[in-house]
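Residue numbers start from 1 in every chain, and the chains themselves are labelled A, B, ... in the order their sequence lines are given, proteins ahead of strands. Only this structure's heavy atoms are used, side chains among them; waters, hydrogens and symmetry mates stay out.
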There are 2 protein chains.
Amino acid sequence: MSKRRETPLKNIKLEKGHCSIGVRLNKLGMVPFFQELSESDLEKVNQHFRARHFDRGDVIYREEETASLLRIVVAGKVKLVRHTLEGKDVLIDMLQPGEYFGSLPSIGDEKYMETAIAQTQACVLSVGTDDFRNILNQYPSVAVKALEITAGRLKESQEQIKQLRTRSVENRIAHVLTMLSDKFGEESEVGLLIQVPLSRKELADMVGTTAETASRIISRFQEKDWVSTGRQWIAIKNQEKIRDLSQDKG
Amino acid sequence: MSKRRETPLKNIKLEKGHCSIGVRLNKLGMVPFFQELSESDLEKVNQHFRARHFDRGDVIYREEETASLLRIVVAGKVKLVRHTLEGKDVLIDMLQPGEYFGSLPSIGDEKYMETAIAQTQACVLSVGTDDFRNILNQYPSVAVKALEITAGRLKESQEQIKQLRTRSVENRIAHVLTMLSDKFGEESEVGLLIQVPLSRKELADMVGTTAETASRIISRFQEKDWVSTGRQWIAIKNQEKIRDLSQDKG
DNA sequence: CGGTCTGTTGAAGGATTTCAACACTCGTGG
DNA sequence: CCACGAGTGTTGAAATCCTTCAACAGACCG
């Protein structure tokens, strides 16, 4: 039954110089935080950032480490994971260019609560939380923007909690598939392809189930010809059905 | 087995005039948002707020209603609930004086995502989101504070997601009991009493289970003499055991 | 003093996990 | 260049936790 195709995922090769100081300013203006800043303000803010490249699988920071930097993805994808004592993983978020992570300036919050790992090759900007605090105080629009973004994420988290409590695993998987395809989807000859390498285990860790159950459900979707899939990739062929399942009409 | 006692909960009777314009300014200074403001700034900010009293069970606003006000609890407790299409409830948060709820100023976020209900008699301040946006832009320290608080809630939400995915119902109940006792606990002759009226159903809605299961587990705790409980109240007698369970050693 | 709401307890049923075995893919080193 | 091994995905069967359905008891309210 399994006619596996080769991965249709784009292999985003970042050039060596891609993650350099030169492009930083350029990218920074596209980050939602700073959209309302003038050219000159942007340039000043830019001074405080450092850029760094990561390869796939690289750990950017680890849970429990002392937190002192705010980071922004400018290229590639980054995943945030929490580990539990029993060895289970919870995949909190999958970040796109423009999104922030790490530590916001705050009072006693000195440890990272999650581990950040490069899911593809990635370029990440970082700024010290003290520097960022100054930026916030100096440019209120940045603080308001940051607040909006964080409030938005809070809403998403709460939505996820609601899902976890009231929906079946099948519904929840349908839900993350629509979320991921909204965020990372690209049309391709195999369907609406989610442009991130994603294993069954990772999918399971996003909806709170086991790799086995995720596999069973994806197989079921495949039988019905709603998705096509292979090693580390999934594409959606019937968006309507998946979206229906992700809501309630099952 | 059930020797029920009368409720040991304080019946916080708010005086009629308690929630009036006079006390507003006084209270406002204690709200974390505004802690760093000077007296005179506080007075200016105060102009924009209105105060209102709610009785137990009153709906402050409803899911799906158009959102235009940011609110702050200044007396009493307020619960935030999400309803699902299948008629299940998810209790998102239980708020104390000083905490905010309602809508932060944001772009397209025009509907409330949850329903707010007074859990006890309560006094609530409100401010239009546009007014609040101006406040944020004028007093960066307020924006930074709001950001910190919201980021803190996001962390809590993520912690809750982790719990939901990896812990048993028993562990999760132990966890909310410790959370609630940290937030609302008061020493009393029956143990560390959670100073909020709380039914089995509500407890269940906090951890994502059914009232029956919650009842079974509380009964089990009671047999072991770890808690004492009655209609709408719970007190913790053995904090250590409950805290252990809430972590992992169970 | 009944009616309703809340809490308790039992038993059956169901969704998901866990354990286990196997197939396929990919990269690496001989 | 091929073979091997680790990582990834699939599938089955048994076990488990939790829900659902149901009946009842105590508490509060008018």
Side-chain angles (χ1 to χ4, degrees), chain A residues 1-9 11 55-57 84 86-90 119 163-174 196-223 227-234 245 250, chain B residues 1-9 11 55-57 84 86-90 119 163-174 196-205 207-223 227-235 245 250:
Chain A
M1 112 175 3
S2 50
K3 41 180 88 149
R4 273 306 174 53
R5 306 171 181 89
E6 307 178 349
T7 180
L9 291 178
N11 195 352
D55 282 324
R56 173 162 192 200
T84 70
E86 307 100 15
K88 297 186 178 184
D89 298 336
V90 176
Q119 185 73 355
Q163 295 258 345
L164 273 170
R165 293 186 180 174
T166 60
R167 292 286 157 78
S168 69
V169 173
E170 188 178 67
N171 292 155
R172 271 141 54 196
I173 287 189
V196 185
L198 197 69
S199 69
R200 293 289 179 273
K201 170 85 166 54
E202 286 169 323
L203 188 60
D205 288 342
M206 296 192 86
V207 301
T209 184
T210 58
E212 293 95 324
T213 302
S215 177
R216 277 181 243 274
I217 285 169
I218 295 295
S219 294
R220 215 182 300 160
F221 287 171
Q222 214 176 189
E223 273 169 34
V227 305
S228 57
T229 180
R231 192 186 176 83
Q232 310 257 7
W233 62 270
I234 302 179
L245 253 191
Chain B
M1 111 175 9
S2 48
K3 41 182 90 152
R4 274 306 174 52
R5 307 173 180 86
E6 306 177 348
T7 179
L9 290 179
N11 195 354
D55 281 324
R56 173 160 193 202
T84 69
E86 309 100 15
K88 297 186 178 184
D89 299 335
V90 176
Q119 185 73 357
Q163 295 260 346
L164 273 171
R165 291 186 181 173
T166 60
R167 291 286 159 81
S168 69
V169 173
E170 188 178 66
N171 292 156
R172 270 142 52 199
I173 286 189
V196 185
L198 197 70
S199 69
R200 293 291 179 271
K201 170 85 166 54
E202 285 170 324
L203 188 60
D205 289 342
V207 301
T209 183
T210 59
E212 294 95 325
T213 302
S215 177
R216 277 182 244 274
I217 286 168
I218 294 296
S219 294
R220 215 182 301 160
F221 287 172
Q222 214 176 189
E223 274 169 33
V227 304
S228 57
T229 180
R231 194 185 173 83
Q232 309 258 8
W233 62 271
I234 302 178
L245 254 190

Taken to the nearest whole Å, CG/B/Leu203 to P/C/dG7 is 9 Å

Pair B/Thr166, A/Val90 - check side-chain contact (heavy atoms from CB on, under 4.5 Å), show working. CA-CA 8 Å; B/Thr166 60; A/Val90 176; 4.1 Å; yes

Atom NZ of A/Lys201 and atom P of D/dG9 are separated, to the nearest Å, by 11 Å

Here the distance between atom C1' of C/dT17 and atom CD of A/Glu86, to the nearest Å, is 14 Å

With the threshold set at 4.0 Å, does a side-chain nitrogen-carboxylate oxygen contact exist between B/Arg165 and A/Asp205?
no

At under 4.0 Å between heavy atoms, what does A/Thr213 touch on the DNA or RNA strands: base, sugar-phosphate, or nothing?
base

note: B/Gln232, atom CD; C/dT8, atom P; distance rounded to Å ~ 12 Å

note: B/Arg220, atom CZ; C/dT9, atom C1'; distance rounded to Å ~ 13 Å

- Flag the pair B/Arg200 and B/Glu212 as a salt bridge only when some basic side-chain nitrogen lies within less than 4.0 angstrom of an acidic carboxylate oxygen. no

Practice task
Using a 4.0 Å heavy-atom cut-off across all strands, classify B/Ser215 as base, sugar-phosphate, or nothing.
Solution key: base

### Message
Can you see if the side chain of B/Arg200 gets near the phosphate of C/dT8 - specifically, an N or O under 4.0 Å from OP1 or OP2?
### Response
yes

So, under a plain 3.5 Å distance rule, would you say the side chain of A/Arg216 forms a donor-acceptor pair with the base of D/dG12? yes

Out of D/dG9, C/dT6, D/dC18, minimum distance to the side chain of A/Ser199 belongs to D/dG9

Atom CD of A/Glu170 and atom P of C/dT16 are separated, to the nearest Å, by 8 Å

TODO: Report yes if at least one side-chain N or O of A/Lys88 is closer than 4.0 Å to OP1 or OP2 of C/dT18; otherwise report no.
DONE: yes

Separation of D/dT8 atom C1' from A/Leu198 atom CG, nearest Å, is 13 Å

Does the side chain of B/Thr210 get closer than 4.0 angstrom to OP1 or OP2 of D/dT19 through an N or O atom? yes

Is it the case that the side chain of A/Ser219 and the backbone of A/Ser215 share a donor-acceptor pair, with hydrogens and angles ignored and the cut-off at 3.5 Å? yes

A/Ile173 atom CD1 is separated from C/dT16 atom C1', nearest whole Å, by 12 Å

Which of D/dT19, C/dT16, C/dT17 is nearest the side chain of B/Thr209? It is D/dT19

Sugar-phosphate, base or nothing in reach of B/Glu212, heavy atoms under 4.0 Å: base

Note to self: Given 3.5 Å as the limit, does a donor-acceptor pair link the side chain of B/Gln119 with the main chain of B/Pro197, or not?
What the structure shows: yes

A/Ser219 vs D/dT11: side-chain N/O to OP1/OP2 distance below 4.0 Å: yes

Quick note, B/Arg231 side chain, CB onward, closest among D/dT19, C/dT6, D/dC18 is C/dT6

